[in-house]
Amino acid sequence: MQILDGKLASKAIKEDLTNKILELKNAGKKIPHLAAVLVGNDPASETYVASKVKNCNEIGITSTLLRFNDSISEQELLQQIQQLNANPDVDGILVQVPLPKNISEKKIINTISPEKDVDGFHPLNVGKMVLDLPTFISATPYGIILLIQHYKIETAGKQVIVIGRSNNVGTPISILLSRNATYGNATVTLCHSRTKNLKELCLQADIIIAAIGKQKFVTADMVKENAVVIDVGINRIKDVTKKSGYALIGDVDFENVAPKCSYISPVPGGVGLMTIAALLMNTYKACVNY
Ligand code: NAP
């Protein structure tokens, strides 16, 4: 069994980007600039945004963090986004979700200029992704693809089960893996809460991608020998032994599933780190109009 080490794979991507950004700098060209928007004080969102900003700084991407009280109105936030759209120095805009209930995420995402939508959530970019046109692929599915590529995992002709059909993870990764591309050409089944015989389907899978949001949902009796298991889940559980007071665990019962796998991604240290690497890639691409 080999670990799909997100730390290792994201390090390689970050080193490559660091060099590319240095080249831009040395040539007197524009340096990528990410504007991250955070509304309110949700602890998980605070952690995610802080980590994204820290990673930008590490590799030479300029970052601006715009923080707003959760009392900000939808109209005010829309204006802030429009200002970022109009600012030629800003290449990428990221709005951390979830947003307060009085603000429509859909409206906010639709207002981000598609050319600066490094999260790849704008309907135009989602449409381009479906049609296999150049675009920003949203960070988590893109991160999974980068992890698969880093470890040279064969996907062509493989049976893939994706569990979870969310717009930001399950649905896009099922599309990406099924299309005619070097990391695609798989036969993908997209499962959800209404799927019948999930265990039987999983037992046939060469690759399982778990994006459910339920801790230890995928158990050893659902996984065939030598399968590849990619765990997207991030579930916070109380843990008094940790300084933060919580621990992160995935959607896969790692301890019991891992011995059966050829490859498995851990939580933390797997897809989460690749998601950030993918966001950095998108921000670089936004700057160089790649
Ligand atoms: P989501 O929007 O809550 O979707 C969950 C999906 O799981 C839904 O499609 C749901 O089916 C399905 N599901 C729920 N119970 C099920 C069951 N018993 N059997 C089969 N399917 C079931 O979740 P998400 O946003 O994709 O996130 C999933 C997990 O990934 C969460 O833990 C989240 O924190 C994590 N995540 C991690 C990253 C990262 O960077 N690593 C990024 C994004 C999300 P229905 O559609 O039928 O309700």
Side-chain angles (χ1 to χ4, degrees), residues 3-7 9-10 13-14 36 42-55 94-99 105-106 109 118-121 126 136-148 150 160-177 188-205 208-219 221-223 229-237 246-254 264-282:
I3 295 287
L4 296 170
D5 188 340
K7 205 169 174 180
S10 65
I13 291 166
K14 283 165 65 180
D42 175 63
S45 294
E46 296 250 9
T47 313
Y48 293 144
V49 170
S51 173
K52 289 167 187 173
V53 168
K54 180 171 161 274
N55 274 272
L94 171 152
V95 178
Q96 188 64 43
V97 290
L99 291 168
E105 280 182 16
K106 210 169 166 184
I109 287 164
V118 287
D119 251 341
F121 290 156
V126 175
F136 299 114
I137 297 172
S138 75
T140 303
Y142 189 20
I144 296 170
I145 295 294
L146 292 170
L147 192 62
I148 286 173
H150 183 85
V160 177
I161 292 288
V162 176
I163 318 175
R165 57 176 161 185
S166 69
N167 286 344
N168 56 341
V169 188
T171 295
I173 194 62
S174 71
I175 292 167
L176 292 168
L177 287 173
V188 184
T189 306
L190 182 56
C191 302
H192 44 76
S193 66
R194 309 283 287 272
T195 298
K196 288 189 175 139
N197 306 326
L198 183 64
K199 181 179 166 185
E200 285 70 22
L201 289 168
C202 285
L203 278 169
Q204 289 167 30
I208 296 176
I209 299 182
I212 310 136
K214 291 187 175 164
Q215 53 176 289
K216 298 188 182 186
F217 182 91
V218 176
T219 47
D221 60 340
M222 295 166 77
V223 178
V229 175
I230 298 179
D231 191 350
V232 185
I234 300 179
N235 306 290
R236 282 178 175 234
I237 55 157
Y246 66 86
L248 298 180
I249 59 166
D251 286 349
V252 175
D253 178 9
F254 183 89
I264 184 166
S265 73
V267 177
V271 173
L273 296 173
M274 298 309 292
T275 296
I276 294 181
L279 173 74
L280 301 174
M281 292 267 281
N282 279 346

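Counting starts at 1 for both ligands and their atoms, in listed order.
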Student: At a 4.0 Å cut-off, with the gap strictly under it, does some heavy atom of C191 reach an atom of ligand 1?
Tutor: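 It does not, in that no heavy atom of C191 comes within the 4.0 Å cut-off of ligand 1.
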Student: Distance to 0.1 Å, residue and atom name: give those for the protein heavy atom nearest to atom 42 (C) of ligand 1.
Tutor: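 I find the closest protein heavy atom is T140 OG1, 3.1 Å.
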Student: Identify, for atom 37 (C) of ligand 1, the protein heavy atom at the shortest distance, and state residue, atom and that distance.
Tutor: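 Result for atom 37 (C) of ligand 1: V232 O, 3.0 Å.
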Student: What atoms of ligand 1 come closer than 4.0 angstrom to any heavy atom of F217?
Tutor: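 Within the 4.0 Å cut-off of F217, ligand 1 contributes 17 (C), 18 (N), 19 (N).
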Student: Quick one, L279 with D119, criterion side-chain contact (heavy atoms from CB on, under 4.5 Å). Give me CA distance, side-chain angles, the key distance, then yes/no.
Tutor: CA-CA 7 Å; L279 173 74; D119 251 341; 4.2 Å; yes
Student: Give the residue and atom name of whichever protein heavy atom lies nearest to atom 15 (N) of ligand 1, and the separation in Å to one decimal.
Tutor: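 The closest heavy atom on the protein side is K214 NZ, 3.1 Å.
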Student: If you look at every heavy atom in D251 and G213, which pair is closest and at what distance?
Tutor: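 Answer, listing the atom of D251 first, then G213: OD2-N, 2.8 Å.
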Student: Looking at N167, is its backbone amide N or carbonyl O close enough to the side chain of T171 to form a donor-acceptor pair, meaning the two atoms are under 3.5 Å apart?
Tutor: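 Side chain of T171 to backbone of N167: no pair is present.
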Student: Is a donor on one side and an acceptor on the other found under 3.5 Å between the side chain of N197 and the backbone of E200?
Tutor: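 No: the side chain of N197 does not pair with the backbone of E200.
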Student: Say whether, by atom type as modelled, one donor and one acceptor occur between the side chain of S265 and the main chain of D231 under 3.5 angstrom.
Tutor: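 Looks like yes, one N/O pair under 3.5 Å.
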Student: Evaluate the side-chain contact (heavy atoms from CB on, under 4.5 Å) criterion for residues I208 and V252: first the C-alpha distance (whole Å), next the side-chain angles of each, then the deciding distance (0.1 Å), finally the verdict.
Tutor: CA-CA 10 Å; I208 296 176; V252 175; over 6 Å; no
Student: Out of V162, V169, I144, whose heavy atom sits nearest atom 43 (C) of ligand 1?
Tutor: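 Nearest option to atom 43 (C) of ligand 1, by heavy atoms: V169.
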Student: In the protein, what heavy atom is nearest to atom 9 (O) of ligand 1, and what distance, to one decimal place, separates them?
Tutor: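 That would be R165 N, 2.8 Å.
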Student: To the nearest 0.1 Å, how far is atom 24 (P) of ligand 1 from its closest protein heavy atom, and which atom is that?
Tutor: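 I find the closest protein heavy atom is S166 OG, 3.6 Å.
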Student: side-chain contact (heavy atoms from CB on, under 4.5 Å) between V223 and V229: does it pass, once the steps are laid out?
Tutor: CA-CA 8 Å; V223 178; V229 175; 4.1 Å; yes
Student: Using the rule given for side-chain contact (heavy atoms from CB on, under 4.5 Å), can you reason through Y48 versus I234, listing the C-alpha separation, both sets of side-chain angles and the distance that settles it, and then say yes or no?
Tutor: CA-CA 12 Å; Y48 293 144; I234 300 179; 3.7 Å; yes
Student: Using a distance threshold of 4.0 Å (strictly less than), state whether atom 48 (O) of ligand 1 has a protein heavy-atom neighbour.
Tutor: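 Flag for atom 48 (O) of ligand 1 set to true, protein heavy atom closer than 4.0 Å.
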Student: Relative to the heavy atoms of G233, which atoms of ligand 1 are at a distance of less than 4.0 Å?
Tutor: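 Answer, ordered by atom number: 29 (C), 30 (O), 32 (O), 35 (C).
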Student: Which ligand 1 atoms are under 4.0 Å away from a heavy-atom of G213?
Tutor: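 It comes down to these atoms of ligand 1: 28 (C), 29 (C), 31 (C), 32 (O).
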Student: Suppose I only count heavy atoms of I163 and a 4.0 Å limit; which atoms of ligand 1 are within that range?
Tutor: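 The atoms of ligand 1 under 4.0 Å from a heavy atom of I163 are 20 (C), 21 (N).
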Student: Less than 4.5 Å apart, any side-chain heavy atom of V232 and any of I212?
Tutor: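 No - every pair of side-chain heavy atoms lies 4.5 Å or more apart.
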Student: Which atoms form the tightest heavy-atom contact between M281 and L146, and what is the distance?
Tutor: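 That closest heavy-atom pairing would be CE-CD2, 4.0 Å.
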Student: Are the side chain of Q96 and the backbone N or O of A36 linked by a donor-acceptor pair below 3.5 Å?
Tutor: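 Not confirmed, Q96 side chain does not pair with A36 backbone.
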Student: Below 3.5 angstrom, do we get any N/O pair linking S193 and ligand 1?
Tutor: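 It does: an N or O of S193 is found under 3.5 Å from an N or O of ligand 1.
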Student: Taking only non-hydrogen atoms of T195, do any sit less than 4.0 angstrom from ligand 1?
Tutor: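 No heavy atom of T195 comes that close to ligand 1.
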Student: For atom 5 (C) of ligand 1, what is the nearest protein heavy atom, given as residue, atom name and distance?
Tutor: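 Atom 5 (C) of ligand 1 sits closest to the protein heavy atom I212 O, 3.3 Å.
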Student: Of all the non-hydrogen atoms in the protein, which one sits nearest to atom 6 (C) of ligand 1, and at what distance?
Tutor: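 Of the protein heavy atoms, G164 CA, 3.5 Å lies nearest.
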Student: If you count the atoms of ligand 1 from 1 in the order shown, which ones are under 4.0 Å from a heavy atom of G272?
Tutor: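 Those qualifying, in numeric order: 40 (O), 41 (N).
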Student: What atoms in ligand 1 come closer than 4.0 Å to a heavy atom of T275?
Tutor: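 So the answer, numbered in order with elements, is 39 (C), 40 (O).
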Student: Taking the side chain as every heavy atom from C-beta outward, state whether E105 and V95 have any pair of such atoms under 4.5 Å apart.
Tutor: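 Result no, sub-4.5 Å side-chain heavy-atom pair not found.
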Student: For atom 33 (C) of ligand 1, which protein heavy atom lies nearest, and how many Å away is it?
Tutor: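 Going atom by atom, the protein heavy atom closest to atom 33 (C) of ligand 1 ends up being I234 N, 4.1 Å.
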